[in-house]
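Each remark here refers to the structure printed beneath this line.
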Amino acid sequence: MSLHNFKGTTITGDTKDFADFEGRKVMIVNTASECGLTPQYAQLQELYENTGRANFEIIGFPCNDFGGQEPGPEQQVAQFCEKNFGVKFPMMAKISVKGANTHPIYQWLLEQSVKSGQHSEVKWNFHKFLVNEQGEFVKSVEPTTSPIDEEIVNWIHGK
């Protein structure tokens with residue numbers, strides 16, 4: 001099982017086959033519009049603009065699981081991201097990343113994280129998961145770690 005076995009619904013309601021990301025490193029991040037970490041959208045967009053699509057992708061999953069900080073519908077989320085941060089990276093439909101309704105992608109990410117001795121749960125909004133070109137889990141990254149942290153950027157560029 002790898003990331004490439006999954007499909008998801010985009011923020012506009014289309015189906016996205018994650019096999020399309022084969023051959024690229026991927027950062028998966030749960031997002032929220034009313035969180036103290038929301039300014040990370042700007043850093044995510046900066047990272048997206050400064051890396052080639054042939055090598056790297058960011059996938060955002062809006063989530064209302066932490067403090068009700070993503071209360072609006074998908075259309076409102078999309079407008080917020082575009083207006084305030086110029087977000088161009090793929091955004092998916094709102095999902096749950098914890099509890100009984102945890103999205104299958106996040107179930108898989110957390111299973112892989114535990115197997116690697118890392119996080120057993122999504123800690124908060126903007127928790128990041130890194131996946132390699134083969135769709136294999138690499139690392140769970142703290143929500144407070146900047147998306148443009150040197151360790152992440154070096155990983156993207158194979159340093």
Report task. Please answer whether the main-chain N or O of G52 pairs with a side-chain N or O of N55 as donor and acceptor at a distance below 3.5 Å. Result -> no

**Report entry** cation_pi(K25, W155) dist<6.0 Å, angle<=45
**Finding:** yes

Query raised in the report: Are N30 and F66 close enough, and set up right, to give a side-chain contact (heavy atoms from CB on, under 4.5 Å), and what steps lead you there?
Result: CA-CA 10 Å; N30 62 302; F66 302 101; 3.7 Å; yes

Query raised in the report: Hey, does the Lys NZ or Arg CZ of K16 hover above the aromatic six-ring of F6, less than 6.0 Å from the centre and inside 45° of the axis?
Result: no

Query raised in the report: Shortest non-hydrogen contact from S113 to H119?
Result: OG-O, 2.7 Å

Query raised in the report: Got a salt bridge between E49 and K88, using NZ or NE/NH1/NH2 to carboxylate O under 4.0 Å?
Result: no

Query raised in the report: Within 45 degrees of the axis of the six-membered ring of F89 and under 6.0 Å from its centre: does R53 put its NZ or CZ there?
Result: no

Query raised in the report: H103 side chain to I105 main-chain N or O, any donor-acceptor pair under 3.5 Å?
Result: yes

**Report entry** Atom pair CG/CD of L130 and E136 - distance to nearest 0.5 Å
**Finding:** 13.5 Å

Requested in this report: Kindly say whether D14 contributes a backbone atom to a donor-acceptor pair with the side chain of T10 at under 3.5 angstrom?
Outcome: yes

Query raised in the report: Is the shortest side-chain N to carboxylate O distance from E133 to R24 below 4.0 Å?
Result: no

Query raised in the report: Between atom CD1 of I156 and atom CD1 of I58, what is the distance when rounded to the nearest 0.5 Å?
Result: 7.0 Å

Report task. State whether the side chain of N64 and the backbone N or O of Q69 hold a donor-acceptor pair below 3.5 Å, judged by distance alone. Result -> yes

